[in-house]
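Structure record follows, encoded as structure tokens.
Remember, predicted model here, so these are calculated numbers, not experimental data.
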Amino acid sequence: MTVKIPAHYNGCETLMSSTWHILGAGSLGSLWACRLARAGKAVRLILRDAERLKAYEAVGGLTLIEKGRAQLHAIPAQTADDSTPIHRLLVACKAYDAEHAVARLAPRLAHGAELILLQNGLGSQDAVANQVPHARCIFASSTEGAFRQADWQVNFAGHGFNWLGDQANPLVPEWLDDLNDAAIPHQWTPDILTRLWRKLALNCAINPLTVLHDCRNGGLEEHHCEVATLCAELTELLQCCGQPEAANGLSEEVERVIKATAANYSSMYQDVHQGRRTEIHYLLGHACRVASRHSLELPHLERLYRRLLEHLSARGLPCD
Ligand code: NAD
Ligand code: KPL
């Protein structure tokens, strides 16, 4: 599938493929892949290695479970070693895998290729972008919810929204129409960093405490002062690092999210509980590194980070 893109795109006339390469057939990658394939878009999954590819081919596709209904989508897959060029890549792995995963694909990226980075937190996006200066990196922030009960199966758990943006280039990508066709709720925003910082702050105020207090999000209502102190420090950080909008009403929103998701376990709680690596380095770790770069002292946030690192290492989980 090939479409001609306008000559003004990057100064020259180029043929850009409209195929969606999706790196990572995990929860969000599979959710995007199935919806795009269902809408008739060309999708190629990029799997870790030949063994995973063989296992995938044996089951014949990805299954999307939505509202209790399961549907199989026979989406073609490949490994990073495939030789076809990549023009559009959805990077749907965890933040700690993104840099290495994209490095393996760098030789296949066409000039002017577009990458959509779905990672939560901050830090991994810049690390990826620095590796592929010949590509356009679009950052995304998602509040959709998906999880896997088995390999090659994804449950669409929580309807949410996707914000996409490119702080370096406001030009709206043509492929946003594909997201409309695939009913992937989204909005293009020049303020994507504000979105990412706001979500990072929410995650920093809620997730580590749910791990340390061993509770659901609602359990934090009993730790109101601790939450409020963290919100005050996070607000200071956001204001100091040029994100005043992300700081607006943070404490009130954290309280609102705690109430609205009272019965849920935070994503970090679930990771720790299931013995999985967390994205702490890109959440609380990033917040503490930026504070230190600005010579800002945030004693409660730093203490929270230290306590969480101790908690993780006591359970044999990585601290990065
Ligand atoms: P996941 O662990 O379910 O999926 C990641 C997949 O990437 C895994 O299948 C893994 O094997 C694969 N992968 C890693 N390195 C790879 C490589 N080099 N080549 C090929 N595949 C590779 O993760 P997820 O839950 O989909 O989360 C992805 C990102 O989206 C995270 O940053 C997460 O915080 C964010 N997010 C997830 C949700 C959700 O509901 N799952 C919601 C919002 C944001
Ligand atoms: O995004 C979340 C998570 O669990 O990762 C919420 C529900 C906002 C809690 O921080």
Side-chain angles (χ1 to χ4, degrees), residues 27 94-97 119-124 141-143 145-147 157-158 160 196-241 243 246-247 249-294 296-320:
S27 306
K94 288 281 172 65
Y96 48 75
D97 281 327
Q119 287 60 51
N120 202 10
L122 279 161
S124 71
S141 177
S142 178
T143 60
F147 67 92
L196 284 161
W197 266 111
R198 178 66 161 209
K199 183 144 191 265
L200 181 149
L202 279 165
N203 287 167
C204 286
I206 298 174
N207 298 11
L209 286 181
T210 63
V211 173
L212 295 171
H213 291 300
D214 190 15
C215 67
R216 293 175 197 262
N217 293 353
L220 297 186
E221 293 197 74
E222 283 167 36
H223 301 278
H224 177 79
C225 285
E226 214 176 350
V227 174
T229 308
L230 289 176
C231 287
E233 289 194 356
L234 285 162
T235 299
E236 211 185 320
L237 172 65
L238 292 170
Q239 281 163 346
C240 177
C241 71
Q243 293 295 334
L250 176 67
S251 193
E252 291 73 16
E253 192 178 357
V254 166
E255 292 299 335
R256 192 184 58 71
V257 171
I258 286 174
K259 281 197 171 67
T261 62
N264 299 355
Y265 286 109
S266 75
S267 55
M268 189 178 278
Y269 180 99
Q270 293 179 44
D271 284 341
V272 174
H273 199 69
Q274 291 167 31
R276 292 191 305 237
R277 183 172 175 184
T278 69
E279 294 182 300
I280 181 181
H281 186 77
Y282 303 89
L283 296 166
L284 199 46
H286 186 80
C288 290
R289 284 191 300 280
V290 173
S292 135
R293 221 180 288 150
H294 285 273
L296 192 63
E297 277 182 32
L298 302 174
H300 296 87
L301 213 59
E302 279 153 24
R303 185 163 168 270
L304 180 71
Y305 187 35
R306 281 196 306 276
R307 284 168 66 203
L308 193 61
L309 291 179
E310 279 163 22
H311 187 93
L312 295 178
S313 64
R315 277 151 194 80
L317 291 173
C319 291
D320 58 353

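- A search for salt bridge (Lys or Arg N to Asp or Glu O under 4.0 Å) contacts involving E297 returns nothing, not counting sequence neighbours.
- Within the 3.5 Å criterion, the main-chain N or O of E252 finds no donor-acceptor partner in the side chain of R256.
- Of the inter-residue distances, the one linking L304 atom CG with C288 atom SG reads 8.0 Å to the nearest 0.5 angstrom.
- Looking at every heavy atom in both residues, I280 comes nearest to C319 through CG2-O, 4.1 Å.
- Contact record, S267 with N207: OG-ND2, 3.5 Å, taken as the closest heavy-atom pair.
- Screening residues 297-316 for ring pair (Phe, Tyr, Trp, His ring centres under 6.0 Å) gives no qualifying pairs among residues at least two apart or on separate chains.
- Considering only residues two or more places apart in sequence or on other chains, L250 meets the side-chain contact (heavy atoms from CB on, under 4.5 Å) condition with R198, A201, L234, T235, L238, V254.
- When the ring-ring contact (aromatic ring centres under 6.0 Å, His included) test is applied to H273, the partners found at least two apart in sequence or on another chain are Y269.
- Considering every non-hydrogen atom in both C240 and L296, the closest pair reads CB-CD2, 3.9 Å.
- Looking at residues two or more places apart in sequence or on another chain, you find a salt bridge (Lys or Arg N to Asp or Glu O under 4.0 Å) between R276 and D271.
- Rounding to the nearest 0.5 Å gives a distance of 8.0 Å between OG1 of T210 and CE of M268.
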Would you please test L209 and L230 for side chain to side chain contact (heavy atoms under 4.5 Å, CB included) and show each step?
CA-CA 10 Å; L209 286 181; L230 289 176; 3.7 Å; yes
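- G275 approaches L317 most closely through the heavy-atom pair O-CD2, 3.4 Å.
- Shown here are the side-chain hydrogen bond (donor to acceptor under 3.5 Å, both in side chains) partners of N120, two or more places apart in sequence or in another chain: K199, N203.
- Remark: H223 engages H213 in a ring-ring contact (aromatic ring centres under 6.0 Å, His included) (not counting sequence neighbours).
- Residues passing the side-chain contact (heavy atoms from CB on, under 4.5 Å) test with Y96 are K94, R277, E279, Y282, sequence neighbours excluded.
- To the nearest 0.5 Å, atoms SG (C204) and NE2 (H286) are separated by 9.5 Å.
- Sorted by first and then second residue, the pairs that involve residues 226-237 and meet salt bridge (charged side-chain N to carboxylate O under 4.0 Å, His left out), not counting sequence neighbours, are E226-R307.
- Within the structure, every pair that satisfies the salt bridge (charged side-chain N to carboxylate O under 4.0 Å, His left out) test and touches residues 206-221, not counting sequence neighbours, is listed here: E221-K259.
- Pairing each heavy atom of P318 with each of L312, the nearest pair is O-CD1, 3.8 Å.
- Evaluation of the side-chain hydrogen bond (donor to acceptor under 3.5 Å, both in side chains) rule for S124 yields no partner, not counting sequence neighbours.
- Evaluation of the side-chain contact (heavy atoms from CB on, under 4.5 Å) rule for T261 yields N217, V257, N264 as partners, not counting sequence neighbours.
- Of all heavy-atom pairs spanning L122 and L200, the tightest one is N-CD1, 3.8 Å.
- Sparse packing is recorded around CD of E222, with 12 or fewer heavy atoms of other residues, nucleotides or ligands lying under 6.0 Å away.
- Judged by distance alone, the side chain of Q270 and the main-chain N or O of Y265 form a donor-acceptor pair under 3.5 Å.
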